[in-house]
Amino acid sequence: MGIFSRKNKEEKPLKTKSTFGSNLLNIFSRSTLDDQAWQEIEDTLIMADVGIKTTQEIVQELKNNPTLKSAHSAEEGKEVLRNQLIDSLATSNRSLNISATPSVIIMVGINGTGKTTTVGKLVHKLKSAGNKCVLGAADTFRAAASQQLQTWGERSSVPVVVGPENSEPSAVAFNAVQEGLAIGAKVVIIDTAGRLHTKAGLMDELGKVKRVIEKHATVTETLLVIDATTGQNGLIQARVFTEAVEVTGIVLTKLDGSAKGGIVIAVQRELKVPVKFVGIGEGIDDLIEFNAEDFVDGLLN
Ligand SMILES: Nc1nc2c(ncn2[C@@H]2O[C@H](COP(=O)(O)OP(=O)(O)OP(=O)(O)O)[C@@H](O)[C@H]2O)c(=O)[nH]1
Ligand SMILES: [Mg+2]
């Protein structure tokens with residue numbers, strides 16, 4: 001059972017099964033925090049995948065907190081920790097930007113992180129909310145990739161623009177945007193091929209896809225999809241994407257699996273890009289809008 005799970009389709013609670021919260025709350029309930037206690041806090045955060053840099057920042061901020069400096073109750077300790085974790089995830093622009101008509105969303109990331117699946121889940125969400133949508137299969141490396149996206153399109157009755165195998169990805173993106181304009185779509189989502197951050201040519205291609213689209217429409221979001229189970233490694237790979245293209249939001253997938261919740265904090269803090277959605281399964285409804293307070297409460301309870 002992962003950090004995120006769902007009781008049923010209607011209810012979307014964030015639940016934790018990790019020992020992260022109980023460990024930390026235990027330590028913070030001590031009325032005074034000595035060096036050993038601080039070391040335990042640091043270790044717990046690092047083991048939860050918060051990352052060394054972010055852990056050190058959070059610990060420093062906690063050490064500076066006046067409540068924790070003096071004798072405090074378990075309740076006070078818990079409240080300080082909760083607020084600190086929520087603050088560490090603060091951002092001003094978490095909601096999906098679909099302010100333009102059409103708004104173009106480009107999905108990027110390394111191989112197998114869950115891009116195509118996320119496109120399928122996201123278009124379902126947008127369509128259900130009454131938005132006319134078009135999908136573009138700009139992953140032209142494998143015929144199966146277009147087929148996979150078409151299957152997702154069918155599930156939400158959304159048209160999917162595809163191109164021949166090995167055709168120019170930016171041409172497919174261009175055609176998808178043209179289709180979006182022609183039918184008066186609100187949102188056009190472009191799925192791209194997974195690429196290794198080390199392949200400069202492929203990284204340049206993303207810039208080209210974006211430039212071609214922007215001749216005719218507005219790219220309101222470039223969402224970077226990260227597999228949460230790859231932990232700090234995934235984070236290092238993701239950083240290259242934020243340097244190559246202007247990433248506006250993160251989707252952390254596979255948080256239903258063995259991923260540790262701290263990765264959410266590490267990703268947002270270290271990439272300085274808001275986590276907008278989290279994937280909690282392979283199904284069409286398994287994408288939820290990220291909410292920092294719910295997440296932290298899930299982590300601590
Ligand atoms: N458990 C779980 N599995 C997921 C989630 N998101 C995607 N997957 C699975 O991850 C695998 C890869 O998903 P894809 O959507 O094909 O990934 P991709 O990034 O498009 O892959 P490439 O196009 O090959 O780079 C599939 O088996 C998905 O079902 C998630 O949130 N939770
Ligand atoms: Mg794909």
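- Side-chain contact, E40 with Q36: a donor N or O sits under 3.5 Å from an acceptor N or O.
- For R155, the salt bridge (charged side-chain N to carboxylate O under 4.0 Å, His left out) criterion is met by no residue, not counting sequence neighbours.
- Side chains of M47 and F20 form no contact here, defined as non-hydrogen atoms less than 4.5 Å apart.
- With contacts defined as side-chain heavy-atom distances shorter than 4.5 Å, the pair L33/I27 qualifies.
- What you find for D256 and G281 is that their closest heavy atoms are OD1-N, 3.3 Å.
- If you chain together hydrophobic residues whose side chains sit under 4.5 Å apart, I236 and V267 never meet in one group.
- Applying the 4.5 Å side-chain rule to ILVMFWY residues, one finds I52 in the same cluster as I46.
- Distance CD1/I58 to NZ/K53: 11.0 Å, rounded to 0.5 Å.
- The two residues T229 and K254 have their closest heavy-atom pair at CG2-O, 3.7 Å.
- The cluster map of Ile, Leu, Val, Met, Phe, Trp and Tyr, joined by side-chain heavy atoms under 4.5 Å apart, puts F141 and V108 in different clusters.
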Task: Pair V160-E154, side-chain contact (heavy atoms from CB on, under 4.5 Å): steps then yes or no - done: CA-CA 8 Å; V160 183; E154 280 160 21; over 6 Å; no
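- Aromatic ring pairs are classed by plane angle as parallel below 30°, tilted from 30° to 60° and perpendicular above 60°; the pair F295 and F290 is tilted.
- Hydrophobic clustering (ILVMFWY, side-chain heavy atoms < 4.5 Å, transitive): L45 and L300 are in one cluster.
- When the side chains of ILVMFWY residues are joined at heavy-atom separations under 4.5 Å, either directly or via intervening members, W38 and L24 end up in a single hydrophobic cluster.
- No side-chain donor-acceptor contact under 3.5 Å links T55 and E42.
- In this model, no donor atom of one side chain and acceptor atom of the other lie less than 3.5 Å apart for E221 and S103.
- A side-chain contact (heavy atoms from CB on, under 4.5 Å) with I250 holds for exactly one of V264, V225, V273; it is V273.
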Extract all donor-acceptor atom pairs below 3.5 Å that involve side chains of residues 126-137 and protein atoms in other chains or at least two apart in sequence.
residue: K127; atom: NZ; partner: S156; partner atom: O; Å: 3.1
residue: K127; atom: NZ; partner: S157; partner atom: O; Å: 3.3
residue: S128; atom: OG; partner: H124; partner atom: O; Å: 2.6
residue: N131; atom: ND2; partner: L126; partner atom: O; Å: 2.9
residue: K132; atom: NZ; partner: I183; partner atom: O; Å: 3.1

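- Residues L223 and L96 meet the side-chain proximity criterion, which asks for heavy atoms closer than 4.5 Å.
- At a threshold of 4.5 Å between non-hydrogen side-chain atoms, the residues I98 and I105 count as touching.
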- [ ] Begin from the C-alpha positions of L271 and R239 and carry the test side-chain contact (heavy atoms from CB on, under 4.5 Å) through to its verdict.
- [x] CA-CA 6 Å; L271 298 179; R239 189 170 294 126; 4.0 Å; yes
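- Scanning for salt bridge (charged side-chain N to carboxylate O under 4.0 Å, His left out) contacts around R94 gives an empty result, with sequence neighbours left out.
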Open item on the list: I'd like to know whether D35 forms a side-chain hydrogen bond (donor to acceptor under 3.5 Å, both in side chains) with Q39, so could you lay out the CA-CA distance, the side-chain angles of the two residues, the decisive distance to 0.1 Å, and finally the verdict.
Closed with: CA-CA 6 Å; D35 286 349; Q39 191 58 52; over 6 Å; no
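- Between R82 and D297 there is a salt bridge, since at least one side-chain N of the basic residue sits less than 4.0 Å from a carboxylate O of the acidic one.
- Annotation for T54 and A266: closest pair OG1-CA, 4.2 Å, computed over non-hydrogen atoms.
- A distance of 8.5 Å separates CD1 in I110 from CG in N233, rounded to the nearest 0.5 Å.
- Distance CD/E205 to OG1/T192: 8.0 Å, rounded to 0.5 Å.
- The closest side-chain heavy-atom distance from T113 to L224 is not below 4.5 Å.
- Between I265 and S88 the shortest heavy-atom distance is CG2-OG, 3.8 Å.
- I189 and V212 end up in different hydrophobic clusters when Ile, Leu, Val, Met, Phe, Trp and Tyr side chains are linked at under 4.5 Å.
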TODO: Apply side-chain contact (heavy atoms from CB on, under 4.5 Å) to D49 and Q232, showing your working.
DONE: CA-CA 7 Å; D49 236 346; Q232 300 299 310; 3.1 Å; yes
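- We find the CG-CG distance between D191 and D139 to be 6.0 Å, quoted to the nearest 0.5 Å.
- Side-chain polar atoms of S170 and E168 form a donor-acceptor pair below 3.5 angstrom.
- Using a 4.5 Å heavy-atom threshold, the side chains of E214 and V104 count as separate.
- Taking CG of L68 as the start and CZ of R30 as the end, the distance is 12.5 Å to the nearest 0.5 Å.
- For E61, the salt bridge (charged side-chain N to carboxylate O under 4.0 Å, His left out) test picks out R269, with sequence neighbours left out.
- In E243, the CD atom is crowded: over 12 heavy atoms of neighbouring residues, nucleotides or ligands sit closer than 6.0 Å.
- T91 and N93 share a side-chain donor-acceptor pair at under 3.5 Å.
- Side-chain N or O atoms of T140 include one that pairs as donor or acceptor with a backbone N or O of S167 at under 3.5 Å.
- Remark: F277 pairs with no residue by the ring-ring contact (aromatic ring centres under 6.0 Å, His included) rule, at least two apart or across chains.
- Inter-residue side-chain proximity for L196 and L202 is flagged as unmet; no heavy-atom pair is nearer than 4.5 Å.
- Between F174 atom CZ and I190 atom CD1 the span is 11.5 Å, to the nearest 0.5 Å.
- Closest non-hydrogen pair, E270 versus L235, comes out as OE1-CD2, 3.6 Å.
- Of all the heavy atoms in G207 and V245, the pair that sits closest is N-CG1, 4.2 Å.
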Open item on the list: side-chain contact (heavy atoms from CB on, under 4.5 Å), that's the test. Do M203 and F241 meet it? Break it down for me.
Closed with: CA-CA 8 Å; M203 294 303 281; F241 279 85; 3.7 Å; yes
